[in-house]
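Structure first, commentary second.
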Protein chains: 2
Amino acid sequence: MDEQKSIVDLCPAPRVIEMIGGKWKLRILQILIFQGTKRFGELRRQVAGITQTMLTKQLRALEDDGLISRKVYAEVPPRVEYSPTNSGMDLMKMFEAMHQWWERNQAS
Amino acid sequence: MDEQKSIVDLCPAPRVIEMIGGKWKLRILQILIFQGTKRFGELRRQVAGITQTMLTKQLRALEDDGLISRKVYAEVPPRVEYSPTNSGMDLMKMFEAMHQWWERNQAS
DNA sequence: TTATATACTATCGTTTACAATACTATTGGA
DNA sequence: TCCAATAGTATTGTAAACGATAGTATATAA
């Protein structure tokens, strides 16, 4: 009954990379982490080249993975604000580890 | 002449994720990092579901990015061995940071 | 002579990611 | 009355990633 799992299957790296991978998620996270809460329209202006459709899709994915949160205000015209969660902010330590690897191994 | 680059453009995260992203690279790296040098055929057997075509392509990409090295022996039938480079091994610290983030934020 | 083993490459098909464009709802103001 | 502003959704098309299959070279062994 108890399946013996290999150490490989327990590694969270594939899931983590899925959560922050793709063409847009890192850029969105960077803005929210470094600049704090942003409205949808502000994000669309700052993420150069992204379409509304894509921005919505990426924001939903980040929200589903608990990296950002979404707050809707009952106003007209509508206002929706996106913020990094604690979990999202905590990714900074991991990005720092990436940065250090880069400095050790790739930097000229 | 000197373009002023924003801190955002200097972040190596997108490149790093490109280097280890996709469906197969992490699995290949895990095997080479934890088990050491492997022949092509051994890798093909261990990376469940991968085709020869894909394995070759992923190995080339990892080699081009300096994460693994390739050694060809002039034998028949051919023998080719793949090993992690120092740079590839050094990714462990980053994977550890991912693991710790996961433990802090996702683990039950 | 024929088969075997190994590490490939070439070609084509499918599936997924991403892009482009148009459309929707709401309400305060000109 | 009609438009602006905001944050979307729906639809369709394209590009990139991935998969399936077949073919290549060559020394050795049967």
Side-chain angles (χ1 to χ4, degrees), chain A residues 13-32 35-65 67-85, chain B residues 13-32 35-65 67-85:
Chain A
R15 184 76 246 284
V16 174
I17 288 180
E18 194 180 294
M19 289 167 78
I20 63 176
K23 189 170 174 180
W24 303 110
K25 289 193 195 137
L26 278 175
R27 186 82 187 85
I28 295 168
L29 281 173
Q30 275 179 329
I31 292 171
L32 294 180
Q35 303 177 27
T37 301
K38 292 281 173 186
R39 296 183 59 171
F40 182 87
E42 294 178 281
L43 281 172
R44 185 156 57 89
R45 280 185 288 276
Q46 286 203 37
V47 181
I50 200 170
T51 61
Q52 276 197 356
T53 315
M54 256 301 130
L55 181 54
T56 298
K57 191 173 181 185
Q58 301 305 309
L59 289 170
R60 290 290 181 284
L62 290 168
E63 194 193 1
D64 290 346
D65 286 335
L67 301 181
I68 67 173
S69 67
R70 179 174 182 268
K71 184 167 184 187
V72 182
Y73 294 85
E75 302 175 359
V76 169
R79 179 158 67 108
V80 181
E81 288 184 348
Y82 293 90
S83 316
T85 60
Chain B
R15 186 76 245 284
V16 174
I17 288 179
E18 193 180 294
M19 289 168 79
I20 63 177
K23 190 170 176 182
W24 302 110
K25 290 197 196 133
L26 278 177
R27 185 83 186 83
I28 295 167
L29 279 173
Q30 275 179 327
I31 292 170
L32 294 181
Q35 303 177 28
T37 301
K38 293 278 174 190
R39 295 183 60 174
F40 183 86
E42 295 178 280
L43 282 172
R44 184 156 58 89
R45 279 184 289 276
Q46 286 201 38
V47 181
I50 200 170
T51 60
Q52 277 197 354
T53 315
M54 259 300 132
L55 181 53
T56 298
K57 193 173 178 182
Q58 301 305 310
L59 289 170
R60 290 289 181 285
L62 290 169
E63 194 194 1
D64 289 346
D65 286 335
L67 302 181
I68 67 174
S69 66
R70 179 173 183 269
K71 183 167 184 187
V72 183
Y73 294 84
E75 302 175 1
V76 170
R79 180 158 66 106
V80 181
E81 287 184 348
Y82 294 90
S83 317
T85 59

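So you know, we letter chains A, B, ... as the sequences are listed, proteins then strands, and number each from 1. Side chains are part of it too, since the values below use all heavy atoms of this structure and drop only hydrogens, waters and symmetry mates.
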TODO: Give a yes or no on whether the backbone of B:I50 and the side-chain of B:K23 come within a donor-acceptor separation of less than 3.5 Å.
DONE: no

Task: Heavy-atom pair of closest approach, residues A:K38 and A:Q46 - done: NZ-NE2, 3.2 Å

Task: A:R39 to A:P78 - nearest heavy-atom pair and separation - done: NH2-O, 3.3 Å

Task: Closest to the A:V80 side chain, choosing from C:dT9, D:dT6, D:dG8 - done: D:dG8

Task: Selection: residues 36-50 of chain B, any non-hydrogen atom under 4.0 Å of DNA chain C - done: B:R39, B:F40, B:G41

- [ ] Measure from the side chain of B:V76, starting at C-beta and using heavy atoms only, and say which of C:dT26, D:dA27, D:dA7 lies closest.
- [x] D:dA27

Task: Contact under 4.0 Å: B:Y73 side-chain N or O vs D:dA27 OP1/OP2 - done: no

Open item on the list: Rounding to an integer number of Å, can you tell me how far B:I17 CD1 sits from C:dA17 P?
Closed with: 16 Å

Task: Residue-phosphate contact under 4.0 Å: B:K23 side-chain N/O, D:dG19 OP1/OP2 - done: yes

TODO: Measure from CD on A:Q52 to C1' on C:dA19 and round the result to the nearest Å.
DONE: 13 Å

Task: B:E18 CD to D:dA16 P, straight-line distance once rounded to whole Å - done: 13 Å

- [ ] State whether a side-chain donor-acceptor pair under 3.5 Å links B:Q30 with B:Q35.
- [x] no

TODO: Select one nucleotide: of D:dA20, C:dT6, C:dA19, the one nearest the side-chain heavy atoms of A:M54.
DONE: C:dA19

- [ ] Could you tell me whether B:E42 and B:R45 have a side-chain N and a carboxylate O separated by less than 4.0 Å?
- [x] no

- [ ] May I have the distance from B:Q58 (atom CD) to D:dG19 (atom P), rounded to whole angstrom?
- [x] 9 Å

TODO: For A:L59 and D:dA7, give me the distance from atom CG to atom P, rounded to whole Å.
DONE: 11 Å

TODO: Identify the two heavy atoms, one from A:S83 and one from A:T37, that lie closest to each other, and give their separation to 0.1 Å.
DONE: OG-OG1, 2.8 Å

TODO: Could you tell me whether B:R79 and B:E81 make a salt bridge, using a distance below 4.0 angstrom between a side-chain N and a carboxylate O?
DONE: yes

Task: Side-chain donor/acceptor contact of A:T53 with base of D:dA10 under 3.5 Å - done: yes

Open item on the list: Using whole Å, what does the distance between atom C1' of nucleotide D:dT26 and atom CD of B:E75 come to?
Closed with: 13 Å

TODO: Check the distance between D:dG8's P and A:L55's CG and give it to me in whole angstrom.
DONE: 8 Å

Open item on the list: Just the rounded figure in Å: distance from C1' of C:dA25 to CZ of A:R79.
Closed with: 18 Å

